[in-house]
Amino acid sequence: MGSVAMDSDYGAPRELSALQKARALYQPDLPPCLQGTAVRVEYGDTATAADVAGAHVISQAFPHTYGQPLAHFLSKTANVPDATIITEHPVVRVGIVFSGRQSPGGHNVIWGLYDAIKAHNSNSKFIGFLGGTDGLFAQKTMEITEEALSSYKNQGGYDMLGRTRDQIRTTEQVKAAMATCQALKLDALVIIGGVTSNTDAAQLAETFAELKCPTKVVGVPVTLNGDLRNQFVETTVGFDTICKVNSQLISNVCTDALSAEKYYYFIRLMGRKSSHVALECALQTHPNMVILGEEVSMSKLTIFDITKQICDAVQARAEKDKYHGVVLIPEGLVESIPELYALLQEIHGLHNKGVSVENISSSLSPWASALFEFLPPFIRKQLLLHPESDDSAQLSQIETEKLLAQLVEIEMNKRLKEGTYKGNKFNAICHFFGYQARGALPSKFDCDYAYVLGHVCYHILAAGLNGYMATVTNLKSPVNKWKCGAAPITSMMTVKRWSRGPAASQIGKPAVHMASVDLKGKAYELLRQNSSSFLMEDIYRNPGPLQFEGSGAETKPISLCVEDQDYMGRIKQLQEYLEKVKSIVKPGCSQDVLKAALSAMASVTEMLTIMSSPAFSGQATI
């Protein structure tokens, strides 16, 4: 089977605490559509890309896997005459790999898929790849068994299988992955990860289809950043846990600030380029300020604009005899500030040309050199770090919170000397809440969500689908009302473009891109409605430690609960309306019914055509 000795103790039984043992006994529930041994699937319409302007490019790049239908999994009580019912479950061989940074709840995807595989045919084999995608290429495997899983159920980390550089991108890597799937005779390969990993999964599925490799590729949305979200994916596994763990730490700091009454805390939060974690934590804890990268990008705020905003807030609070506060900053903020982003791009360009770190500062353009020299030495050193594989900065290493704290301190001291600020001396304390939360014990929601997604993966492979992502919608409702399905990964893709005059030139390849915070969404609107009171009134909120039982166990992300989602459910509802129209308007109906239908459909069609155009959606200028 290609097994090797587990030289890194992958899959070794864990030593569990009493709390972990109690957690391991918890059995997540399944929604009705996943219960029983029969797989009932209803195929919807062909799925198209939300990126209307890029749809042609995506279809050309993925001719075998673009334009596949949505799949809805049904309960045994559902009355859908044309549903496909799969009752025969032959022996299958399924592989699974962690791809991407560790995210709480990942092990429960494995557990859910294992239970589903064995429930449908106990002779099937479930194979885990050791050490992430490197283990996939090298055929380093272990068989997933009940014994191996027993100490990883409802636990954090990725240490059961491990992870490495996590990419399946180059021709050599794709060939190695296919060779492994063929050698192990895999019926399906499940890839657990975020936007980049699922883009790779889509490309792998396309290549397999083109070369007639029988292995089906399935993606699972697991990333703590919460930036893999779209019309099909409401949130990702790990996001709830990260926000709960960080919110407890933030609320503790808020209490300390309120008690000491003399410190401003600048807290940088993980989340990569998007600000979803910062937004959710702000809604949970009510800090005095949160600076979202998306706001900065939209308003094109410079580092000096942001500094002035914070200074003005400090001064306004001082006028009410408040000399303390808490400011949240997303780790991706540095790439949202125009001049710092441009500086980073120039530095990365010099890296790509082979210029040594020692010589980069002297090779910068005049404006970039002036900005570089203005920045504190610690930031200069961090900006010079080699970029990540996707050409983004090493955001976790750039201490934007210290930069802002220092600039604010300089400005407040200046105002103090000029007499425009009459408060106490400004004191700042900086924190980065990042790696502490990645290995956290997952929340009950993440445990349930991940386990259900594992079961959905089996339904996808039982239906013979390739290039799909497992989806669960209506997540803000109880588990028994969750709706499970599958969507083609290509339907989640967009094509990055630059604005150049009135037209837009498409660049790069189609990909599942990170979703930014929606500045028109209800979660952001809720923050803005309360921002003034958060700033001045110190209405700090402490959600407490992450709980698996009791009053706080069932809580879900606020940003999930306030949004009006369940896209897949609405698609089904629309199909039901269309079928009803067809049943009413048929040969023999009255003239009045026909005229009303034509008038209504003409109006709706005209409106939807306008709304679907790139100009209306603003996609032409992304």
Side-chain angles (χ1 to χ4, degrees), residues 6 8-12 14 16 20 23-24 96-113 128-136 140 142 144 148-149 151-168 190-201 219-228 235-246 249 269-274 276-277 331-332 388-390 392 394-397 432-451 453-454 457 470 514 546:
M6 293 181 287
S8 298
D9 292 328
Y10 293 127
R14 280 176 163 181
L16 300 183
Q20 287 178 298
R23 273 177 157 265
I96 194 163
V97 62
F98 284 130
S99 178
R101 289 176 173 83
Q102 54 268 37
S103 186
H107 287 136
N108 272 33
V109 177
I110 299 176
W111 178 22
L113 180 51
F129 290 100
L130 305 175
T133 53
D134 281 357
L136 171 65
K140 293 185 177 181
M142 65 172 280
I144 307 293
L149 272 168
S151 61
Y152 292 90
K153 296 176 179 179
N154 304 315
Q155 312 297 328
Y158 273 10
D159 48 316
M160 181 180 178
L161 299 180
R163 56 164 290 261
T164 48
R165 60 184 171 180
D166 313 316
Q167 62 172 233
I168 314 171
V190 177
I191 298 174
I192 297 174
V195 289
T196 304
S197 299
N198 277 283
T199 297
D200 290 347
V220 190
V222 180
T223 169
L224 50 81
N225 302 321
D227 54 7
L228 200 179
T235 190
T236 55
V237 173
F239 178 73
D240 181 55
T241 302
I242 290 300
C243 292
K244 281 186 166 79
V245 171
N246 281 335
L249 297 174
L269 299 169
M270 65 186 346
R272 303 298 296 157
K273 295 180 182 179
S274 63
H276 296 289
V277 173
E331 70 174 353
E388 304 273 16
S389 59
D390 63 354
S392 64
Q394 292 195 41
L395 298 176
S396 63
Q397 304 300 313
F432 172 48
F433 294 160
Y435 301 116
Q436 307 96 320
R438 292 202 314 202
L441 293 172
S443 67
K444 188 171 180 290
F445 172 73
D446 276 331
C447 288
D448 291 339
Y449 183 27
Y451 183 80
L453 282 170
C457 288
M514 296 179 183
L546 189 150

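D240 contributes no side-chain N or O that, together with a main-chain N or O of F445, makes up a donor-acceptor pair within less than 3.5 Å. Side-chain N or O atoms of R23 include one that pairs as donor or acceptor with a backbone N or O of P442 at under 3.5 Å. The backbone N or O of S99 sits less than 3.5 Å from a side-chain atom of S197, completing a donor-acceptor pair. The main-chain N or O of I168 is found under 3.5 Å from a side-chain atom of D200 such that the two form a donor-acceptor pair. Panel note: side chain T133, backbone Q167; a donor-acceptor pair is recorded below 3.5 Å. At least one donor-acceptor pair closer than 3.5 Å links the side chain of S103 to the backbone N or O of V237. Between the side chain of T241 and the main chain of S443, a donor-acceptor pair closer than 3.5 Å is present. With hydrogens and angles ignored, the 3.5 Å screen pairs no side-chain donor or acceptor of Y10 with any backbone N or O of G128.
The side-chain heavy atoms of Y449 and T235, taken from C-beta on, include a pair separated by under 4.5 Å. Using a 4.5 Å heavy-atom cutoff, the side chains of V277 and L224 are not in contact. The shortest distance between side-chain heavy atoms of V97 and L161 does not fall below 4.5 Å. I96 has its side chain within reach of I192: a pair of non-hydrogen atoms, C-beta onward, lies under 4.5 Å apart. Side-chain contact check for D227 versus K273: every heavy-atom pair is 4.5 Å or farther apart.
Going from atom OH of Y451 over to atom CD1 of I110 covers 13.5 Å, rounded to the nearest 0.5 Å. Here the straight-line distance linking atom CG of L16 with atom OG of S151 works out to 5.5 Å at 0.5 Å rounding. To the nearest 0.5 angstrom, F432 atom CZ is 8.0 Å from L269 atom CG. Here the CZ atom belonging to F239 is positioned 12.5 Å from the CG atom belonging to L228, to the nearest 0.5 angstrom. Note that the CG atom of N154 and the CG atom of N108 stand 4.5 Å from one another [nearest 0.5 Å]. Here the straight-line distance linking atom CG of L249 with atom NZ of K244 works out to 14.5 Å at 0.5 Å rounding.
For G238 against D446, the heavy-atom pair with the smallest separation is N-OD1, 3.1 Å. Minimum interatomic distance between A437 and N246 (heavy atoms only, all atoms of both residues): CB-OD1, 4.1 Å. The two residues N225 and H276 come nearest to each other via the heavy atoms O-CB, 3.7 Å. The shortest non-hydrogen separation linking L453 to A470 is CD2-O, 3.6 Å.
Using cut-offs of 30° and 60° on the angle between ring planes, the pair Y158 and F98 is parallel.
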Hey, mind stepping through Q155 and M160 against side-chain contact (heavy atoms from CB on, under 4.5 Å) and telling me if it holds? CA-CA 10 Å; Q155 312 297 328; M160 181 180 178; over 6 Å; no

Is there a side-chain contact (heavy atoms from CB on, under 4.5 Å) between V220 and C457? Walk through the geometry before answering. CA-CA 8 Å; V220 190; C457 288; 3.5 Å; yes

Show your reasoning for whether side-chain contact (heavy atoms from CB on, under 4.5 Å) applies to D159 and H107. CA-CA 9 Å; D159 48 316; H107 287 136; 3.5 Å; yes

Under the criterion side-chain contact (heavy atoms from CB on, under 4.5 Å), I'd like the reasoning laid out for S396 against E331: C-alpha separation, chi angles, the key distance, then a yes or no. CA-CA 6 Å; S396 63; E331 70 174 353; 3.7 Å; yes

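For F433, the ring-ring contact (aromatic ring centres under 6.0 Å, His included) partners are H431, not counting sequence neighbours.
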